[in-house]
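Each remark here refers to the structure printed beneath this line.
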Amino acid sequence: MRFRTALTAVAATTALAFAVPLGAQTPPPLKVGFMLPATGTFAALGDMIEKGFKLYVDEQGGKLGGRSLQYFKVDDESEPSKATDNVNKLIKRDQVDVIVGTVHSGVALAMARAAKESNTMLIVPNAGADGITGPLCAPNIFRSSFSNWQPGYATGVVAAKKGYKRAMTITWNYAAGTETVKGFTEAFEKGGGKVMKELNLPFPNVEFQALLTEIAAQKPDVVFAFFAGGGAVKFVKDYDAAGLRRTIPLMGSGFLTDGTLEAQGASAQGLVTALHYGDNLETPRNNAFRNKFAVTYKANPDVYAMQGYDAAQLLGAGLNAVKGDFKKRNEMVAAMKKAQIDSPRGKFTLSAQHNPTQDFYVREVKGNYNVVTGVAVKSLADPGRGCKM
Ligand code: BEZ
């Protein structure tokens, strides 16, 4: 009896094998691991990235390159000390094909090291750590966002053009802060200005009072700040409450006012920043993206949502080229390298180190929007210092 059952099973399997041509078998879903912050000062940024990514996939009918996706998730807490363990949950435990993450530069550097060692494909949808597309660059590591140097440099160009001569900078003391300030200083001093003092506090500390007192005493022409998420909300409000907004112009890379304006309210009005996105870019591509996002999520997108959307576009460019066959890694990487991404920010390509070469806009806060008032630097490429690939 048992023998007959086994025979029937063999016959059924054989019949199935003949019925479905080998090439037509549906491949298993591609495993995509999100490593993003779900808690802490950058939690909202992580949420926006995931929403943007999934929006693009939904627009493609839930597939990229004809391949369906299965999602895995790890909350990285924006905590560098846990980053290696966290990324290994995706690489070793879940055995994902692609990792998408993260927001925090310190966490992303550990992810890049682990991705490089294990040859896992990594797409960075925010963290700007220069090293990712510098000394840590690798064929399997891509970025859909920016390097920290880029928005810092672009803001330095704008500040120098405004004629400011003496600047103070203020930021968190970690890769994103120090590298953004470095980019700002490079452009600002090239344009004739001088950074007279750099102020720092540990991430994600928001006790700004002593530093604001020092700014008030030194009276620079301009203050340049890098903060983002919850920290940016608190800083902009404290700067205003200290009476500084009316006396010492505050500028920043656009993260200072992106995704934060409802919470910052009147304290952010009129602030000028530079970034690779603006809410009112009047292009059919951006309008379609913003409308679809608003309808789907009942919220306005921000720069983080746009970068998540473009991370999915970049992965899609690779998977389209190989019709979803992830094993054809070399072909896939070649297609991603030469992709021209039709982004809501405007079209962009990747540098040799896999970082977007893109326009940076001047933006001014009006109501709840970062309104584009001009172009800070066209087609700004990260120098990719230290990358050997
Ligand atoms: C970073 O850590 O690289 C980062 C975080 C938030 C906004 C921009 C950059």
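Atoms within a ligand are numbered from 1 in the order they appear, just like the ligands themselves. Everything numeric in this text was worked out from a predicted model, so none of it was measured.
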Side-chain donor/acceptor of K116 to backbone N/O of C137, under 3.5 Å: yes
Any donor-acceptor pair under 3.5 Å from D238 side chain to F208 backbone: no
Six-ring centre of Y297, K292 cation under 6.0 angstrom, axis tolerance 45°: no
Atoms of ligand 1 close to A127 [distance to a heavy atom under 4.0 angstrom, numbered from 1]: 3 (O)
Ligand 1 N/O within reach of S105 N/O, cut-off under 3.5 Å: yes
Backbone or side-chain N or O of A228 under 3.5 Å from ligand 1 N or O: no
Residue, atom name and distance, where the atom is the protein heavy atom closest to atom 2 (O) of ligand 1: Y174 OH, 2.6 Å
Test log, rule side-chain hydrogen bond (donor to acceptor under 3.5 Å, both in side chains), inputs S343 and R345: CA-CA 5 Å; S343 167; R345 75 187 88 172; 3.1 Å; yes
Within-shell test, F146 vs ligand 1, heavy atom, strictly < 4.0 Å: yes
Under 4.0 Å to a heavy atom of H104 - the qualifying atoms of ligand 1, by number: 2 (O)
Residue N148 vicinity, atoms of ligand 1 by number, heavy atom under 4.0 Å: 3 (O)
Atom 8 (C) of ligand 1: nearest protein contact (heavy atom, Å): N126 ND2, 3.5 Å
Aromatic F34 / basic K73 pairing, under 6.0 angstrom, 45° off normal: no
Pair T102-D76, side-chain hydrogen bond (donor to acceptor under 3.5 Å, both in side chains): steps then yes or no: CA-CA 8 Å; T102 187; D76 68 41; 2.4 Å; yes
Residues, nucleotides or ligands: over 12 heavy atoms within 6.0 Å of Q218 CD: yes
Element-labelled atoms of ligand 1 that are located less than 4.0 Å from some non-hydrogen atom of F42: 5 (C), 6 (C)
Ligand 1 to V103 polar contact by distance, N or O atoms, under 3.5 Å: yes
